Amino acid sequence: MRISELFTKTSKLAPSDEVAKNAQLLIRAGFINKEMAGVYTYLPLGKLVLDNIITIIREEMNSIGGNELSMTALQSKEVWETSGRWSDDVIDVWFKTKLAGGSEVGLAPTHEEPLTNLMKNFIHSYKDLPVYPYQFQIKFRNELRSKSGLMRGREFWMKDLYSFSRTQKEHDVFYEKISNVYQRVYDRLGLGESTYKTFASGGSFSKYSHEFQTVSDVGEDTIYIHEGKKIAINEEVFTDEVLADLGVTREELVAKKAVEVGNVFTLGTKFSDALDLHFTDEDGTSKKVFMGSYGIGPSRLMGLIAEHFADDKGLVWPVNVAPAKVYLVRIGDQDAVKQADELYDELTGRGITVLYDDRNVRPGEKFADSELMGIPYRVTVSERLIADNQYEVTERSSGETILLTHNDLLDKLS
RNA sequence: CGGGGUGUGGCGCAGUUGAUAGCGCGCUCGGUUUGGGACCGAGAGGUCGAAGGUUUGAGUCCUUUCACCCCGACCA
C-alpha cells in the first residue's frame with residue numbers, strides 16, 4: 001500500500017479524552033477512531049492488525065476441529081428467557097431495544113443460548129458429537145464504565161467457541177487440547193512469555209475455570225504467579241485450599257497485575273438442560289450434551305499488544321500482527337523513485353507486505369511515521385545509497401540499522 | 001451507579017476583575033529547502049458542548065442537561 005493512497009494521517013498530538021496508552025498511540029498513528037466511550041472504528045491499518053490477529057486465532061481453532069460460523073448480533077428475548085438470562089438482574093450489560101412491531105430484542109453480549117438452540121437442529125445422535133462451532137463476532141455489553149481504550153469496550157470483537165461433547169470425559173480431553181492451542185495463539189502473537197494459564201472460579205460442573213492472563217501494569221486483575229510451573233492463580237480464588245490443590249505455597253508465588261486475554265470454561269449441562277439439547281446415545285437412552293465455552297478477545301488483544309510493546313517513539317508490532325512487514329522510505333528524486341518503485345513491486349510480488357512512503361515530504365517525517373506506526377522493518381532507498389548499491393534496514397524493535405545489498409535485503413525480508 | 005475533573009477552529013491549548021475570541025500543530029497558495037517531524041511570506045477556518053436565565057453587554061455569572069476522562073463499585 002502506498003502511503004499517498006492511504007486516507008488516514010498520523011498526528012503528533014494525542015487526543016485529550018484518552019489516557020490509555022494503547023488508545024493514544026493507535027489514534028495518533030491512524031489505526032482507530034473513537035466514536036464514543038468504549039466504541040472504536042477500525043481504520044485501514046487497524047483493520048489489518050485486527051484481521052491478522054483473527055487469522056492467527058482462526059488457524060488455531062481450525063487446527064482442532066473448529067467450525068466457523070457467524071451468528072446474529074440481534075437476539076429475540078424468548079431463547080434468553082428460557083435460560084433465565086434475559087433479566088437485567090442476571091446480565092446487567094444488556095443493550096435492549098424494540099422491533100417496529102413492538103417485540104423486544106437485545107444485542108448479544110455472548111452466544112450460549114442462541115447457539116445451543118441452533119445446535120438442536122443438528123445434534124440428535126452420539127454420532128453427531130463432538131462438535132466445536134465458533135465465530136468472530138462483535139459483542140455488545142453496556143458497561144457502566146468502559147475504559148482503557150481497546151481493552152474494555154462496549155462493543156468489541158470476540159472469538160467464542162463452544163464445545164458440544166458426549167461425556168465429561170470427552171469434554172475434559174478437548175478442554176486440555178484447546179488450552180494448549182490458546183497458549184500457541186499467544187506465542188504467535190508475541191505474548192507467550194508473559195501469558196499465564198490462570199486458575200479462576202469454576203461453575204457447577206468444574207471446580208475451576210481457566211483464564212489466560214498477560215502480565216501488564218494496565219491489567220484489571222491481580223494474579224499470583226508460579227514461575228516454575230508457568231501457572232497462576234486469580235486473586236478471586238487465592239485461598240489455602242486452592243494452593244493445596246495445586247501443590248504450591250504462598251512463598252513461591254508473585255503477585256502481578258494482568259490482563260485477561262482468554263478464558264476456557266466448563267459449562268456442563270447448564271445450557272443443554274435449560275434449552276433441552278439432548279442426543280440419543282449408543283445404548284438408546286437420551287442424554288444431555290456436555291458443553292464448554294472458550295473466549296478470546298481480538299480487539300482487546302490488539303489494545304494489549306499495542307500497549308505492551310510500545311516505546312517512546314510509538315507502536316512496535318510483532319511481525320505476525322503488523323499491518324505490513326516493511327515500511328519503505330524513499331529519499332530523493334529520479335533514481336530514488338525508480339529504485340523504490342521497483343523494490344516495492346518486487347517485495348509485493350514476493351508476498352511481502354509493504355507500506356511505501358511515496359510522499360513528497362522530508363525524511364524526518366517519514367522516519368517518525370514509520371516508528372509511530374510500528375512497522376517491523378524500515379527499508380530506506382536514497383540517492384546516497386544507490387551509488388553503493390545498498391539498502392538501509394532498520395529494525396523497529398531494536399532500532400538497529402544495517403546496510404545490505406539487494407540480494408541480502410531479499411534474504412533478510414523473506 | 002457514588003466521588004472527582006474537563007468541554008473554546010480538524011488536533012492540542014490560552015482567554016486575567018463580564019465588553020461580540022487568540023496561540024501552536026495541521027490545512028491552502030507562493031517561494032526557498034530535502035537523511036530525523038524545515039524556513040519565509042500570504043491565507044482559509046471557531047461564536048466558545050446544548051438549552052434556559054441574569055445583565056446595556058456572557059467564553060467568563062446562575063440553573064438544567066448532554067458528552068468525555070479518572071478513582072471506586074461492577075465485570076455474564
Side-chain angles (χ1 to χ4, degrees), chain A residues 7-21 23-24 27-30 33-40 75 80 83-95 106-113 139-149 151-154 156 158 160 162 200-203 209 211 218-221 234-236 259-260 263 265 267 270-271 274 293 295 297 300 313-314 327 329-334 336-337 357 359-373 378-387 390-392 394 399 401 403:
Chain A
F7 74 79
T8 57
K9 287 180 164 43
T10 59
S11 168
K12 277 186 262 194
L13 299 167
S16 64
D17 66 346
E18 289 284 6
V19 171
K21 186 165 62 172
Q24 286 198 342
I27 290 171
R28 280 187 57 207
N33 184 253
K34 184 180 197 167
E35 302 300 329
M36 63 183 95
V39 181
Y40 297 88
Q75 297 285 315
W80 293 85
S83 66
R85 293 211 298 175
W86 178 253
S87 167
D88 291 338
D89 296 333
V90 181
I91 293 184
D92 61 3
V93 292
W94 269 113
F95 275 106
L107 293 172
T110 179
H111 279 85
E112 282 85 357
E113 282 84 347
K139 305 295 189 203
F140 297 88
R141 294 185 187 179
N142 197 356
E143 302 278 356
L144 243 39
R145 182 188 168 204
S146 63
K147 59 173 183 173
S148 309
M151 314 273 271
R152 185 176 166 89
R154 295 202 165 98
F156 59 94
M158 176 146 137
D160 45 329
Y162 303 86
S201 55
S209 70
E211 296 166 345
V218 296
E220 296 183 339
D221 295 338
N234 192 306
E235 188 170 38
E236 68 186 24
V259 174
E260 184 184 348
N263 76 293
F265 198 96
L267 295 171
K270 179 178 176 183
F271 293 96
S293 69
R300 174 180 279 185
K313 288 176 179 166
Y327 192 102
V329 172
R330 181 183 81 199
I331 300 174
D333 305 315
Q334 288 123 2
V337 171
D357 199 339
R359 297 173 300 173
N360 184 28
V361 298
R362 295 167 67 87
E365 192 171 340
K366 297 187 178 187
F367 293 148
D369 277 347
S370 76
E371 283 153 354
L372 176 59
M373 290 181 188
R378 184 177 79 213
V379 174
T380 302
V381 166
S382 77
E383 283 159 346
R384 174 197 297 182
L385 297 167
I386 290 173
Q390 284 188 312
Y391 299 84
E392 184 182 280
T394 301
T401 294
L403 291 174

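So that the names make sense, note that chain A is the first sequence line, chain B the second, and so on, each numbered from 1. Just so you know, these numbers come straight off a predicted model, no measurement behind them.
In this structure, CZ of Arg359(A) is placed 12 Å from P of G26(B), rounded to the nearest angstrom. Spacing between atom NZ of Lys34(A) and atom P of A67(B) amounts to 13 Å, rounded to whole angstrom units. With rounding to whole Å, Glu35(A) atom CD is found 12 Å from C68(B) atom P. Atom CD of Glu143(A) and atom P of A73(B) are 15 Å apart (whole Å). For the pair Glu220(A) CD and C75(B) C1', the computed distance is 8 Å after rounding to whole Å. For the pair Glu236(A) CD and C74(B) P, the computed distance is 12 Å after rounding to whole Å.
Taking atom P on both nucleotides, G49(B) is separated from G15(B) by 15 Å, rounded to a whole Å. The separation of C23(B) from G43(B), taken at their P atoms, amounts to 13 Å, rounded to a whole angstrom. When the C1' atom is compared between U20(B) and G46(B), the two are found 13 Å apart, to the nearest whole Å. Taking atom P on both nucleotides, C69(B) is separated from C13(B) by 15 Å, rounded to a whole Å. Comparing G22(B) with U28(B), their P atoms sit 24 Å apart, to the nearest whole Å. Separation of the C1' atoms belonging to G24(B) and G37(B) is 14 Å when rounded to the nearest angstrom. Comparing the same atom, P, in C68(B) and in C29(B) gives a spacing of 36 Å after rounding to whole Å. Nucleotides G45(B) and U8(B) have their C1' atoms positioned 14 Å apart, rounded to a whole Å.
When the side-chain nitrogen and oxygen atoms of Lys9(A) are compared with OP1 and OP2 of C27(B), none of them lie within a distance under 4.0 Å. Side-chain N/O atoms of Arg145(A) include one lying less than 4.0 angstrom from OP1 or OP2 on C71(B).
Pairing of G18(B), defined by two Watson-Crick or G-U wobble distances under 3.5 Å, is not identified with any nucleotide. If you check U47(B) for Watson-Crick or wobble pairing at under 3.5 angstrom, you find it has no partner at all. Pair check for G30(B) finds C40(B); Watson-Crick or G-U wobble, both atom distances under 3.5 Å. Checking G2(B) for Watson-Crick or G-U wobble geometry (two distances, each under 3.5 Å) identifies C71(B) as its partner. Across every strand in view, C25(B) sits in a pair with G10(B) that passes the Watson-Crick or G-U test at under 3.5 angstrom.
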Using a cut-off of under 3.5 Å, enumerate the N/O to N/O pairs linking the protein to nucleotides 3-14 of chain B.
from   : atom 1 : to       : atom 2 : distance (Å)
G12(B) : OP1    : Ser16(A) : N      : 2.7
G12(B) : OP1    : Ser16(A) : OG     : 3.0

Please write out the pairs of protein N or O atoms and N or O atoms of nucleotides 28-34 of chain B separated by less than 3.5 Å, giving the distance to one decimal.
from   : atom 1 : to        : atom 2 : distance (Å)
U33(B) : O2     : Arg362(A) : NH1    : 2.9

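Among the atoms of the strands shown, none is found under 4.0 Å from any heavy atom of Ile27(A). Here Arg330(A) lies out of heavy-atom contact (under 4.0 Å) with every strand. Base contact: Arg378(A) has a heavy atom under 4.0 Å from a base atom.
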Given protein heavy atoms under 4.0 Å, the one-letter contact record of nucleotides 45-51 of chain B, with B base, S sugar-phosphate only and - none, is simply -------
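Listed by chain and residue number, Glu143(A), Glu220(A) satisfy the salt bridge (Lys or Arg N to Asp or Glu O under 4.0 Å) test with Arg152(A) (two or more places apart in sequence, or in another chain). Annotation: salt bridge (Lys or Arg N to Asp or Glu O under 4.0 Å) contacts of Asp89(A) (sequence neighbours excluded): none. Not a single side chain to side chain donor-acceptor pair (under 3.5 Å) links Asn142(A) to another residue, sequence neighbours left out.
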| request: Begin from the C-alpha positions of Tyr40(A) and Asn33(A) and carry the test side-chain hydrogen bond (donor to acceptor under 3.5 Å, both in side chains) through to its verdict. | output: CA-CA 5 Å; Tyr40(A) 297 88; Asn33(A) 184 253; over 6 Å; no
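Of the candidates G37(B), G35(B), G36(B), the closest approach to any side-chain atom of Glu371(A) belongs to G36(B). Among the nucleotides C75(B), C69(B), G37(B), the one closest to any side-chain atom of Lys12(A) is G37(B).
Between Glu392(A) and Arg300(A), the one whose closest nucleotide on RNA chain B sits nearer the 5' end is Glu392(A). Remark on RNA chain B: of its neighbouring residues Glu18(A) and Met158(A), the 5'-side contact belongs to Glu18(A), judged by nearest-heavy-atom nucleotide.
With respect to Glu112(A) and Lys270(A), no salt bridge is recorded, no charged nitrogen being found less than 4.0 Å from a carboxylate O. For Asp357(A) and Arg378(A), the salt-bridge test fails: no basic side-chain N is under 4.0 Å from an acidic carboxylate O.
Heavy atoms of other residues, nucleotides or ligands lying less than 6.0 angstrom from CD of Gln334(A) number 12 at most.
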